[in-house]
Amino acid sequence: MQVLRDIVELRSHLAAFRQPAFVPTMGNLHDGHICLVQRAKTLGDVCIASIFVNRMQFLPHEDFDAYPRTVEADCAKLREAGCDVLFAPQESMLYPEPQVYKVVPDPRLAEILEGRFRPGFFTGVCTAVMKLFACVQPGVAFFGKKDYQQLLVIRQMVRQLALPIEIVGCETSRAEDGLALSSRNGYLNSAERAEAVHLSLTLRAVAVSAREGGQDFEALERRATEQLALRGWQPDYIAIRRRADLGMPDPGDALVVLAAARLGKTRLIDSIEIL
Ligand code: PAF
């Protein structure tokens with residue numbers, strides 16, 4: 001696997017390929033990222049992962065400094081998964097000057113749910129992903145469905161800016177007990193780790209009730225929020241939304257249930273499509 005830190009070198013290395021398949025990450029890789037890489041290997045003629053902890057998508061009080069940087073272990077995992085290229089730019093390579101041009105996504109999609117609790121988050125994500133796309137020039141790029149809203153925001157960005165990139169959403173990888181894999185799970189102590197499964201259990205219960213129908217969605221969301229709070233969580237939201245645009249659902253819409261909640265100092269998010 002080639003490890004490249006320079007945009008010019010990356011572009012010249014990739015020039016020979018027709019269909020670069022790209023997995024953008026912030027590192028501290030787990031099996032979920034590796035599943036994206038394995039998927040990428042089946043759809044491209046070269047597989048590129050990036051590791052870049054993107055300051056722009058962290059609020060001042062968030063965990064940018066504490067975010068785990070584990071590049072050596074990440075390289076070993078990527079190599080083993082058969083990734084061809086790792087792009088790991090320094091901050092000064094991706095942001096050589098203050099970033100005044102930004103990609104500001106549609107507020108109807110980006111200022112709800114995560115965006116309500118993390119103002120500016122999706123502008124940070126879109127600006128970084130747009131720059132990474134400009135560096136890698138992929139034909140196809142892969143994002144996990146755990147970050148469902150991020151996947152939709154990126155899809156809309158690609159569509160609106162007519163980027164010639166196919167966006168593939170991949171199923172959430174989960175631990176045996178159902179907890180969605182996330183780099184932030186590493187912040188949990190053992191008691192919190194045992195409790196953490198209740199986020200996905202709650203989402204599953206909401207999904208089952210919503211599928212059975214005849215129930216007021218707001219009441220379902222409220223009850224689930226109260227139940228998590230009683231277990232010691234601080235829920236930001238549990239929301240049943242239309243899959244296509246995360247709008248309030250109408251009868252017959254395909255649905256997804258999304259949640260974010262804090263357990264101790266760790267904020268976890270998850271989402272489940274309601275089948
Ligand atoms: O999902 C992530 O890890 C990040 O938001 C991404 C897409 C790599 C952009 O920094």
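Residues take their numbers from the sequence shown, with the count starting at 1. Counting starts at 1 for both ligands and their atoms, in listed order.
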Can you figure out which of D147, T25, V129 has its heavy atom closest to atom 8 (C) of ligand 1?
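Closest candidate by heavy-atom distance is T25.
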
Distance from K145 atom NZ to L152 atom CG, nearest 0.5 Å?
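Spacing of NZ (K145) from CG (L152) equals 10.0 Å.
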
Tell me, with the steps shown, if N54 and Y67 meet side-chain hydrogen bond (donor to acceptor under 3.5 Å, both in side chains).
CA-CA 10 Å; N54 174 38; Y67 199 85; over 6 Å; no

Close side-chain approach of F143 to V129, heavy-atom, < 4.5 Å:
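Yes. Closest side-chain heavy atoms under 4.5 Å.
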
Would you mind running through ligand 1 and noting each atom that sits below 4.0 Å from a heavy atom of [X]?
X: P24; value: 8 (C)
X: Q57; value: 4 (C), 5 (O), 9 (C), 10 (O)
X: Q150; value: 1 (O), 2 (C), 4 (C), 5 (O), 7 (C)

Side chains of Y148 and E273: is there a donor and an acceptor less than 3.5 Å apart?
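There is such a pair between these side chains.
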
